[in-house]
Student: 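Structure below; questions to follow.
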Protein chains: 2
Amino acid sequence: MESQLNPHISVDCVVFGFSPNGIKVLLVKRELDKLNESPTPSYDLKLPGSLVYNDELLDDAASRVLKELTGIENVFLERFEVLDSLDRMKNQKDKEWLESTTGLTIDRVISVAYFGLVNLADSELNGLSERSKWVTLESAIQLPFDHSKIIQRARELLLHSAGTEPIAFDLLPEKFTIFQLQQVLEVFNGSGIDSRNFRKKLKTLDFIVPLAEKQINVAHKPAQLYKFDRKRFMQFRKQKNASFI
Amino acid sequence: MESQLNPHISVDCVVFGFSPNGIKVLLVKRELDKLNESPTPSYDLKLPGSLVYNDELLDDAASRVLKELTGIENVFLERFEVLDSLDRMKNQKDKEWLESTTGLTIDRVISVAYFGLVNLADSELNGLSERSKWVTLESAIQLPFDHSKIIQRARELLLHSAGTEPIAFDLLPEKFTIFQLQQVLEVFNGSGIDSRNFRKKLKTLDFIVPLAEKQINVAHKPAQLYKFDRKRFMQFRKQKNASFI
DNA sequence: AATACTTAGCGTAACAAATACACTAAGTAT
DNA sequence: ATACTTAGTGTATTTGTTACGCTAAGTATT
């Protein structure tokens, strides 16, 4: 078994970028010049994804492909779906592009989709490659292959796991205020949360731990700072219908 | 694209058999004669699973393979895991067996695991093929490939998703009473349910559909019959904290 | 024919949780 | 001084969950 690309198995990464304004998704440019030999450079956008090496784990392939295509690393990627539809390659252009970039004959590719989340304000994201691009969810339509559908499914996953998985706290600093947590959750489920009821609910949760500290240098009443207790959260989520929103 | 086996993609089915006494899992015999040419027929047991055809959907492949190997059909199979470990074929015997039965050269196989549940009391199970066998979970250890691990994961799934997945309805007949549904759920979460509150709750769920029929020839007041609407259930589970128990 | 037994099925009161909404507090910026 | 922003508490209402009482409609037993 040599280290060669498996022509039947690929990974695709849906990486959402969080900002207070909304959620964006990370796409990469696909050069289309080689196909039609047009004089002007042309490209379209697709999810970062590629074929998997025969001696490579899927999780490793997802991280590698994301790093190679976008420059982003150290993102926790979660496997969430298998795409096996027979018409994934129905657009002849997609098949030709894949064959020309890999040098392989492509008949059928099954893709394993990964999900990741980063904070667009993080300085670590400065290493973003030039060929990659953050776009709004509204503009991520009519992508090649079934990538629009994959993004749609990832968005549903994000919505569903906002209250049951600890992903919100990956976007917050070590010490955060209730207002900050609320803003993150509001972006996730796309609607406003009543801050008074939200505070009431949080008081019943032992994994949101108040610190002996307050905000400083803010142009309003300084807020109590809290930290996230991951261990207690893991206990909490074992309950029957555990959701904190 | 012709109808030929894809040497890189397989499906494996974990089918649990439910009975009041306990849970069993369905395995198939694997003939080992051809390999070692021993005079006495020898076999071991494995999960029903096989390679996928290039023009075949994974869901279809799972149903086909289960039918071919065990004779069981019309079982709802749910995709629940992807097995991509590099040492799945570490046992040379497994690789040789797969190559001899498929006539293909095998380097790496990624397997998509499916989960199903049937009632051992169902008469439909009489069509069970001779090469398949129900075994207790305790005895389903040290199976070929990573099949023991897959069964272990499926068992965790069974324990944790009684109220969020439609598995309970795989054990019930097409037309069932509320009491029957309650009994199955009581086995899953190991404790009694108040039948009056349970009925009240079910009335709010649109995927439990009352039929224009009642039980006949029962030694008590005949009960209303219901059917399970899987489509509506799939909508229901998309809700925020969807659990029906 | 009366009675026991079994599952079916409705109702009601107490309690817990989610929601809607009013108000005051403490800081900075102008 | 006043406006602006986020912080934080309280209360009343609606909705959902739980505990439990009771009657209904069949067959089996005596």
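Per chain, numbering begins at 1; letters A, B, ... match sequence-line order.
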Student: Run through DNA chain C and report every stem of 3 or more consecutive Watson-Crick or G-U pairs, distances under 3.5 Å, ordered by first number.
Tutor: C:1-30 with D:1-30
Student: Got A/Ile9 and A/Leu58 here, is their nearest side-chain heavy-atom distance under 4.5 Å?
Tutor: yes
Student: Please check this pair: side chain of B/Gln224 against backbone of B/Leu211, looking for a donor-acceptor N/O pair closer than 3.5 Å.
Tutor: yes
Student: Considering the options A/Lys29, A/Arg30, A/Arg131, which one meets the salt bridge (charged side-chain N to carboxylate O under 4.0 Å, His left out) requirement together with A/Asp44?
Tutor: A/Arg30
Student: Using the side chain to side chain contact (heavy atoms under 4.5 Å, CB included) rule, take A/Lys46 and A/Leu27 through it: C-alpha gap first, then chi angles, then the decisive distance, then the call.
Tutor: CA-CA 5 Å; A/Lys46 64 183 279 291; A/Leu27 301 181; over 6 Å; no
Student: Under 6.0 Å from the ring centre and within 45 degrees of the ring axis: does the NZ or CZ of A/Arg230 meet both conditions for the six-membered ring of A/Phe169?
Tutor: no
Student: Please compare A/Val218 and A/Lys201 by the position of their nearest nucleotide in DNA chain C and report the one closer to 5'.
Tutor: A/Lys201
Student: Sugar-phosphate means primed atoms, P, OP1 and OP2; the rest is base. With that split, encode nucleotides 5-13 of chain C 5' to 3' as B, S or - using protein heavy atoms under 4.0 Å.
Tutor: -BBBBBBB-
Student: Rounded to whole angstrom units, what separation is found between the CD1 atom of B/Ile193 and the P atom of D/dA19?
Tutor: 12 Å
Student: Inspect the contact between B/Asp229 and B/Arg232 and indicate whether a charged nitrogen and a carboxylate oxygen are less than 4.0 angstrom apart.
Tutor: yes
Student: Let me confirm one number: the NZ-NE2 distance from B/Lys238 to A/His160, rounded to the nearest 0.5 Å.
Tutor: 11.0 Å
Student: Looking at A/Asp194 and A/Arg196, is there a salt bridge between them, counting it only when a charged N and a carboxylate O are closer than 4.0 Å?
Tutor: yes
